[in-house]
Amino acid sequence: DVKVTQSSRYLVKRTGEKVFLECVQDMDHENMFWYRQDPGLGLRLIYFSYDVKMKEKGDIPEGYSVSREKKERFSLILESASTNQTSMYLCASSLKWGSGNTIYFGEGSWLTVV
Amino acid sequence: GQQLNQSPQSMFIQEGEDVSMNCTSSSIFNTWLWYKQDPGEGPVLLIALYKAGELTSNGRLTAQFGITRKDSFLNISASIPSDVGIYFCAATSGSRLTFGEGTQLTVNP
């Protein structure tokens, strides 16, 4: 079974803090994604990566950055956390692009910024 | 941009009833996925569909990839209380995944 693991399930951070959300997948997937999920807004793509050291902006990249130094690890960084970044963050991974692209999600990280 | 229209938004049913939900789009996709999300958890993949017309079952769940490649449905037979949750459709034609808004399912014992 594919396993996508998010290191922190629940975090509380102060406004202005730098926040790291870590994600690891164990299936040698090429693609990794970070989404945030908010009531009434559904799942929104923040950033994705299709290879080590490669990254692409999603639909809402402002206020976020990412790092992919190793194939299995994709980190989401909030340089200076703000209260409007309080949300559930979901990491996901998939094997490849194109037909047959199945995406698997982690358990989610609940971030509260106070 | 691409959008998926998922319906119904919510369903309240009795245990043992069958459930049907669907997603439609004006865009063509080559993969349809169905997920279930429990409160506070990440979405879990239920069924993946890769070919137009494909009908796939996973236990009491059955999903189909529409012939036009613009829609998909998910059926749950003989619902049980643990079926409660939010069900999402998702579709892709390459790299990006587009999501439906979700169907909130409540099952009364």
Side-chain angles (χ1 to χ4, degrees), chain A residues 1-10 21 23 25 27 29-51 54-60 87-112, chain B residues 1-10 21 23 25 27-54 56 58-59 61 63 65 69 72 74 85-104:
Chain A
D1 283 352
V2 175
K3 186 98 171 132
V4 180
T5 303
Q6 296 182 229
S7 57
S8 303
R9 290 299 315 277
Y10 303 97
L21 298 179
C23 176
Q25 50 92 5
M27 287 301 292
H29 282 178
E30 293 176 2
N31 309 317
M32 296 188 75
F33 309 82
W34 274 106
Y35 292 88
R36 63 178 283 178
Q37 186 177 31
D38 302 285
L41 297 175
L43 282 146
R44 294 181 290 169
L45 182 63
I46 305 171
Y47 266 97
F48 64 101
S49 168
Y50 50 88
D51 201 354
M54 304 301 287
K55 60 184 178 184
E56 292 284 343
K57 292 180 180 179
D59 299 319
I60 51 162
S87 185
M88 180 173 184
Y89 291 86
L90 288 162
C91 176
S93 73
S94 69
L95 180 61
K96 58 184 170 76
W97 299 122
S99 295
N101 190 17
T102 302
I103 294 180
Y104 299 90
F105 286 87
E107 292 183 325
S109 297
W110 285 94
L111 172 66
T112 301
Chain B
Q2 297 173 326
Q3 274 190 308
L4 299 184
N5 301 306
Q6 185 170 351
S7 64
Q9 282 189 324
S10 60
M21 59 192 78
C23 279
S25 176
S27 302
I28 290 174
F29 295 99
N30 57 30
T31 300
W32 282 89
L33 307 168
W34 285 93
Y35 293 90
K36 183 191 178 205
Q37 187 173 23
D38 293 326
E41 303 291 329
V44 174
L45 183 67
L46 299 174
I47 292 179
L49 302 159
Y50 304 119
K51 286 174 56 177
E54 180 180 357
T56 297
N58 178 7
L61 278 60
F65 191 148
R69 294 168 61 194
S72 177
L74 175 71
I86 300 177
Y87 292 80
F88 289 98
C89 63
T92 179
S93 52
S95 56
R96 302 276 291 266
L97 202 61
T98 302
F99 289 93
E101 291 296 314
T103 296
Q104 172 73 61

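It should be emphasised that the depicted structure is a prediction, and the values quoted were computed from it without experimental measurement. Below, chains carry the letters A, B, ... as their sequence lines are ordered, and counting in each starts from 1. For the numbers below, each heavy atom of this structure counts, side chains included, while hydrogens, waters and symmetry mates do not.
Two residues are said to be in side-chain contact when any heavy atoms from C-beta on lie closer than 4.5 Å; A:R9 and B:E41 meet this criterion. Between A:L43 and B:Q37, every side-chain heavy-atom pair lies at or beyond the 4.5 Å cut-off. Inter-residue side-chain proximity for B:L97 and A:F33 is flagged as unmet; no heavy-atom pair is nearer than 4.5 Å.
With values rounded to the nearest 0.5 angstrom, A:Q37 atom CD is found 8.5 Å from B:F99 atom CZ. Between atom OH of residue B:Y50 and atom OG1 of residue A:T102 there is a gap of 2.0 Å, rounded to the nearest 0.5 Å.
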